[in-house]
Amino acid sequence: MDGCRRRGWKEGGRDDGQAEVWASDLQGRVWAAPARLGISPCPEPGDLNRGRKFGSSVMESRMDQDEVQKPEPGRNTGNHNDSNTDFQVTYTHEEVAFFHLHQTHHFDEFEYPSDQYCKQDLFPKWHLPLKIASIASLLIFIYTFLRDVVHPFVTTNENTFYKIPILVINKVLPVVSITLLALVYLPGILAAGFQLHYGTKYKRFPQWLNGWMLSRKQLGLLSFFFASMHACYSLCYPMRRSYRYKLLNWAYQQVKQKKENAWIEHDVWRMEIYVSLGILGLALLAILAVTSIPSVSHSLTWREFHCIQSKMGYLALLLCTIHALVFAWNKWVDVNQFVWYTPPTFMIAIFLPIIVLLCKSVLLLPCLRKKIQKIRCGWDANTEMNKTQMTSRL
Ligand code: HEM
């Protein structure tokens, strides 16, 4: 569209038989004429909107003005005066009528799109990550619902359905988030294992691993999205009415027991540490998400990008795993956590991240790290072997 926009601006001149339209004539907006821009006479939905958007911004007008003043070879400059063409675009009567019609009837928003538009795949790179996130969310929701809501209802007839909107959801969100984050780094480890096994970087990865590697950005962004939601849900805990009633009940129990101080030192430390680690983890995930925006990543060197996405990513995974571990604290040795013989969600949550972190630590061992570096620099075990075989034969 950029190229089109520029052409649209630059071709604005007076031609014989054409009506001259000032930007202000169309409610102060400058329109990009499809016919002039080389767009099909029946524009795709959104083309007009884009033209409208770009025309409405003074900053953009100024920027494009500068571009207009640069002469371009092979362009139809016509017989116009450069000084007054900057804000001036010419259209035929039909074009003007067409735009007025669009403006009054909002065709681009409500008309049926062209066949070609219907055939376009919607967010193709997001299909697999979204499927994984949806399936994981559903499974963990059912699991938590059975453990936290159905189990107390069946065993002690306790009604805890109020937990569904916040407490149950806030178990699903962090578990899915940390699992997705682990899934971002798992294919890299598998790829390193693959390269170590074959002793070369020139052998193609299997198709499934290739597809998985290509989905890492989307998996990471989804992980960030789930983590942000988890942070919002967690921070609103004290606002809930159920929490306030519980607090009042605890206070009453304390008075009944004639206890003056309810302070439990280790619990205080536990909470301070895990919330702080959660905030740090989320901050790192935010940096990773920002640096995955193409305009930002293009401004970084390969080394800077790799440093942020790999090292900082592993650090985020480590912080989030410790966050979950500290949250669990002494619940690890509490048998009551095993409801209907099922492990608590925090154990499920950290299972994959711990595997990923352990594998990464193994790969960081000097002997393996050096070999991987060599392979990635082009060293090939197979050609080395052939060379030694040749020399021994000679
Ligand atoms: C501002 C940042 C964060 C805050 C305030 C926060 C807070 C919390 C809280 C209050 C809990 C306990 C939930 C409960 O009682 O059920 C918790 C658990 C947890 N959080 Fe976070 N968290 C943050 C960021 C993160 C991030 C970035 C991750 C990972 C991507 C994460 C993963 C977990 C996990 C796995 C659990 C255990 C869930 C369970 O099984 O019950 N948290 N967090």
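Every number for a ligand or one of its atoms is a count from 1 in the order of the listing. Keep in mind the model is a prediction, meaning the values are calculated, not measured. Every heavy atom of this structure was used, including side-chain atoms; hydrogens, water molecules and symmetry mates were not.
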Under 6.0 Å from the [atom1] atom of [X], do we count more than 12 heavy atoms belonging to anything else shown?
X    : atom1 : value
Q257 : CD    : yes
W263 : CH2   : no
Y143 : OH    : yes

Ligand-side contact atoms (ligand 1) for residue partner [X], heavy atom cut-off under 4.0 Å:
X    : value
A324 : 34 (C), 35 (C)
A227 : 27 (C)
T345 : 39 (C), 40 (O), 41 (O)
A231 : 1 (C), 2 (C)
A349 : 35 (C)

| query | With the 4.5 Å side-chain cut-off for hydrophobic clustering, are V275 and L282 part of the same group? | reply | yes
| query | Which of these passes side chain to side chain contact (heavy atoms under 4.5 Å, CB included) with F305: S299, S297, S310, S292? | reply | S297
[atom] - nearest protein heavy atom and its distance:
atom                    : result
atom 9 (C) of ligand 1  : Y274 CE1, 3.5 Å
atom 28 (C) of ligand 1 : C320 SG, 3.8 Å
atom 37 (C) of ligand 1 : F327 CD2, 3.7 Å
atom 30 (C) of ligand 1 : S177 OG, 3.0 Å
atom 13 (C) of ligand 1 : Y237 OH, 3.7 Å
atom 5 (C) of ligand 1  : L235 CD2, 3.9 Å
atom 36 (C) of ligand 1 : P174 CB, 3.9 Å

| task | Identify which of K171, M271, K163 has a heavy atom lying nearest to atom 16 (O) of ligand 1. | result | K171
| query | Between E265 and W269, is any side-chain donor less than 3.5 angstrom from a side-chain acceptor? | reply | yes
| Flag for Q195-T200: side-chain donor and acceptor within less than 3.5 Å | no
| For ligand 1, does F346 get within less than 4.0 Å through its side chain, its backbone, both, or neither, judged by non-hydrogen atoms? |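 F346 to ligand 1: contacts from backbone and side chain alike.
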| query | Which is it for F226 and ligand 1 at heavy atoms under 4.0 Å: side chain, backbone, both or neither? | reply |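 No part of F226 is near ligand 1 at this cut-off.
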| said: If I consider every N, O or S atom in H323, which one ends up closest to atom 21 (Fe) of ligand 1? I only need its name. | reply: NE2
| What's the atom name of the N, O or S in H230 nearest to atom 21 (Fe) of ligand 1? | NE2
| Any L181 heavy atom less than 4.0 Å from ligand 1 |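 The answer is no: ligand 1 sits nowhere under 4.0 Å from a heavy atom of L181.
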| message | For F145 and F141, take the angle between the two ring planes, folded into 0 to 90°, and tell me which bin it lands in: parallel under 30, tilted 30 to 60, perpendicular over 60. | response |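 Rings of F145 and F141: parallel, under 30°.
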| query | Which word best sums up how the rings of H306 and W302 line up, parallel for under 30°, tilted for 30 to 60°, or perpendicular for over 60°? | reply |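 Parallel: the ring planes of H306 and W302 meet at under 30°.
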| field | Cation over ring face, R240 and Y237, 6.0 Å, 45° | value | yes
| If you draw the axis of the six-membered ring of F327, does the NZ or CZ of K331 fall within 45° of it and under 6.0 Å from the ring centre? | yes
